[in-house]
Structures are given as C-alpha cells and as structure tokens.
Amino acid sequence: KGPPATDNFQVAPFHYNGKAWHSVEQCYQAHKYFPTDNAQFEMIRAMAPFAGETDHSHGMRAWKAGAVGNLRKDWEAVKLELMLQACRAKLAAHVTASVAT
C-alpha cells in the first residue's frame, strides 16, 4: 500500500483546467464526458463529499457516475494523459513545506 497521496480517491481539493475538483477520481470520471456530454460532466464535477463521507465512498460515487453516459470519442487516446495531469495538479496543490534530504 502506497502513501495516501497516491490514492486517486483521496479527497484533496485541487484545480485542473480552471475547475475545482475534490479528487483525481472525480476529475477523471467527469472528463470521460467532456465535451461530449456537458450535463454528465457537470453532474460529476458538482459531487462534493457528504459530511463524514470517506474518501473511498466519495470516489466510488464518482466512479459509478462515470460508468453511464456517452463517452467522448477520443477517450482511449486521452485518458492516460488526463490521469497524469490530474495527479500532477493534485500533488502540486498539496506540496509539503519540508523535504527530506
């Protein structure tokens, strides 16, 4: 098991392409539909964690919402790059102040 920062379900707010996201999973699932199905994209983007909801539960809600709808035609070609960019955006938003040397 890796550190919490490597979990795509981790709720750690960040911005990607000018929009706020709660987790990498939420961002990834929403982008399956952009720009093909903007309503599905926005529905997933608006999914805030419930009070007391675990990171895993929030990630599963986003994952389930991403399992329905009309995927963008280029999804297979762009999904890895999108995941990489979303992970980088999350990590950049949560850089620790100290670095071990």
Side-chain angles (χ1 to χ4, degrees):
K1 184 174 181 173
T6 63
D7 182 355
N8 291 337
F9 283 22
Q10 180 189 42
V11 174
F14 65 96
H15 284 82
Y16 175 73
N17 281 349
K19 303 220 183 263
W21 301 97
H22 297 284
S23 71
V24 170
E25 186 67 20
Q26 176 198 27
C27 180
Y28 179 82
Q29 294 299 330
H31 278 87
K32 286 180 174 180
Y33 304 99
F34 183 77
T36 305
D37 185 344
N38 199 51
Q40 186 72 0
F41 172 83
E42 288 297 335
M43 186 275 295
I44 297 170
R45 193 179 72 75
M47 286 182 153
F50 298 135
E53 183 176 34
T54 66
D55 293 1
H56 180 77
S57 292
H58 179 262
M60 288 303 295
R61 279 197 303 122
W63 179 79
K64 287 177 184 176
V68 298
N70 298 315
L71 297 180
R72 56 192 279 177
K73 292 183 189 302
D74 65 346
W75 182 241
E76 289 300 317
V78 302
K79 68 183 184 181
L80 292 177
E81 182 65 25
L82 187 123
M83 178 63 81
L84 176 62
Q85 290 176 7
C87 287
R88 285 179 173 167
K90 177 186 96 166
L91 293 172
H94 298 279
V95 175
T96 59
S98 62
V99 177
T101 56

Say you draw a straight line from CG of Leu82 to CG of Asn17; how long is it, rounded to the nearest 0.5 Å?
8.0 Å
His94 side chain vs Pro13 backbone, donor-acceptor pair below 3.5 Å:
yes
For Glu25 and His58, indicate whether the former's side chain and the latter's backbone hold a donor-acceptor pair under 3.5 Å.
no
Side-chain contact test, heavy atoms from C-beta onward, threshold under 4.5 Å: evaluate it for Phe14 versus Val24 and give yes or no.
yes
Closest non-hydrogen atom pair between Asn70 and Thr36, with its separation:
O-CG2, 3.5 Å
Got a donor-acceptor contact below 3.5 angstrom from the Gln10 side chain to the Ser23 backbone?
no
Please tell me if the side chains of Lys32 and Ile44 come closer than 4.5 Å, counting only heavy atoms from C-beta onward.
no
Does NZ or CZ of Arg61 lie under 6.0 Å from the centre of the six-membered ring of Phe50, at an angle within 45° of the ring axis?
yes
Test your reading of the model: is there a side-chain donor-acceptor pair from Glu53 to the backbone of Pro49, 3.5 Å cut-off?
no
Output for pair (Asn38 CG, Arg45 CZ), nearest 0.5 Å, gives 9.0 Å
In the structure I gave you, are the side-chain heavy atoms of Lys19 and Phe34 within less than 4.5 Å of one another anywhere?
no
Could you give the distance from CZ (Arg72) to NZ (Lys79), rounded to the nearest 0.5 Å?
12.0 Å
Are Tyr33 and Leu71 close enough that some pair of their side-chain heavy atoms sits under 4.5 Å apart?
yes
Looking at Tyr16 and Arg88, would you say the former's side chain and the latter's main chain have a donor-acceptor pair under 3.5 Å?
no
I'd like to check the ring pair (Phe, Tyr, Trp, His ring centres under 6.0 Å) partners of Tyr28; sequence neighbours left out, ordered by chain and number.
Trp75
With sequence neighbours left out, the residues meeting ring pair (Phe, Tyr, Trp, His ring centres under 6.0 Å) with His56 are Phe9
Hey, can you tell me if Trp21 and His31 have their rings parallel, tilted or perpendicular (30° and 60° cut-offs)?
tilted
Are Met83 and Leu91 in one and the same hydrophobic cluster, where Ile, Leu, Val, Met, Phe, Trp and Tyr link if side-chain heavy atoms are under 4.5 Å apart?
no
